[in-house]
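First the structure, in the form of structure tokens, and then the observations on it.
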Amino acid sequence: MRIFKFKEIDSTNKFLKEMKEKEDYDTAIAETQVMGRGRRGNKWSSEKGGAYFSFLLKEDKNIAFEEYMKLPLVIGYSLLKTFESIEPELNFMFKWTNDIYIFDKKISGILVEKSEDYFIIGIGINLNNEIKGEAENTAVSMGKITLKEYKIEEIIISVIENFKKDLAFYFNGNWDKILFELNEKNYLLGKDLCIEYGSGKKETGKGLNIHRSGQLEIEISGEKKLFNAGEIHITKNN
Ligand code: BTN
């Protein structure tokens with residue numbers, strides 16, 4: 001595991017993607033990103049004070065590829081556990097498939113990409129950064145809530161170390177335990193929501209549990225339906 005540190009970079013995910021001779025758990029950390037990328041082509045605002053990092057995970061060919069489909073959920077679990085250990089009094093929630101929320105605002109997001117035999121796991125955490133303008137309606141930083149100043153690198157390292165343990169736990173047959181805890185913190189449970197999926201399809205319904213398959217269960221016109229992926233908009237915060 002090598003650590004590459006940058007004061008400024010376009011995107012830590014892009015850096016690792018383009019890097020030749022990759023090694024498992026190589027990590028890129030940046031103080032700021034000028035082209036921070038979010039999911040679905042969104043921009044990830046990367047002002048100084050936040051944690052912006054990516055690391056590599058080599059695909060193990062002895063493990064069925066489907067097992068890796070739940071990777072974003074396992075990473076979400078590691079983030080929850082890390083945040084809870086830093087601030088045990090705060091009620092962090094997991095928003096399927098990739099986000100951590102607190103007080104109805106996003107504190108952290110995950111972008112998983114694939115390049116050759118490697119998964120590139122990119123994480124942004126709002127820590128000491130100030131959230132400005134419109135974004136204040138949807139995002140919050142840990143420092144804003146607690147008025148503390150966090151040690152960014154220490155937190156990054158503990159997320160990665162926790163993830164290593166959690167991944168081994170997951171591959172050793174403990175998915176049900178991880179899933180149970182994610183469902184305890186399921187931000188979408190009982191909320192009226194609209195899911196956009198595929199190319200331009202939309203459905204509205206009520207959020208239920210995250211299913212064993214890793215899919216989200218939504219009740220639509222009295223019927224339960226499972227979704228693999230999609231962008232969720234909450235229409236009513238029941
Ligand atoms: C999302 O919520 O849409 C995912 C956001 C992921 C942002 C992180 S910041 C570090 C890494 N580099 C990027 O360009 N994106 C990820």
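This one's a predicted model, so the numbers in the text were calculated from it and none came from an experiment. We count residues from 1, following the sequence as given. In each ligand, atom 1 is the first atom listed, and ligand 1 is the first ligand listed.
Identified under the side chain to side chain donor-acceptor pair (under 3.5 Å) test for residues 135-144, with sequence neighbours left out: none.
Figure legend: Lys58 and Tyr118 shown as a cation-pi pair, the cationic atom lying under 6.0 angstrom from the six-membered ring centre and within 45 degrees of its axis. A cation-pi arrangement, defined by a distance under 6.0 Å to the six-membered ring centre and an angle within 45 degrees of its axis, is present between Lys164 and Tyr25.
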Where does ligand 1 get N/O contacts under 3.5 Å from the protein, atom by atom?
| residue | atom | partner | partner atom | Å |
| --- | --- | --- | --- | --- |
| ligand 1 | 2 (O) | Lys106 | NZ | 2.5 |
| ligand 1 | 3 (O) | Arg39 | N | 2.7 |
| ligand 1 | 12 (N) | Thr12 | OG1 | 3.1 |
| ligand 1 | 12 (N) | Gln33 | OE1 | 2.9 |
| ligand 1 | 14 (O) | Ser11 | OG | 2.7 |
| ligand 1 | 14 (O) | Arg37 | N | 2.7 |
| ligand 1 | 15 (N) | Arg37 | O | 2.7 |

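Here Tyr77 and Phe163 keep their ring centres 6.0 angstrom or further from each other.
Counting only N and O atoms by type, the side chains of Lys185 and Asn91 include a donor and acceptor under 3.5 Å apart.
In this structure, Leu56 is not a member of the same hydrophobic cluster as Ile156, with clusters built from ILVMFWY side-chain heavy atoms closer than 4.5 Å.
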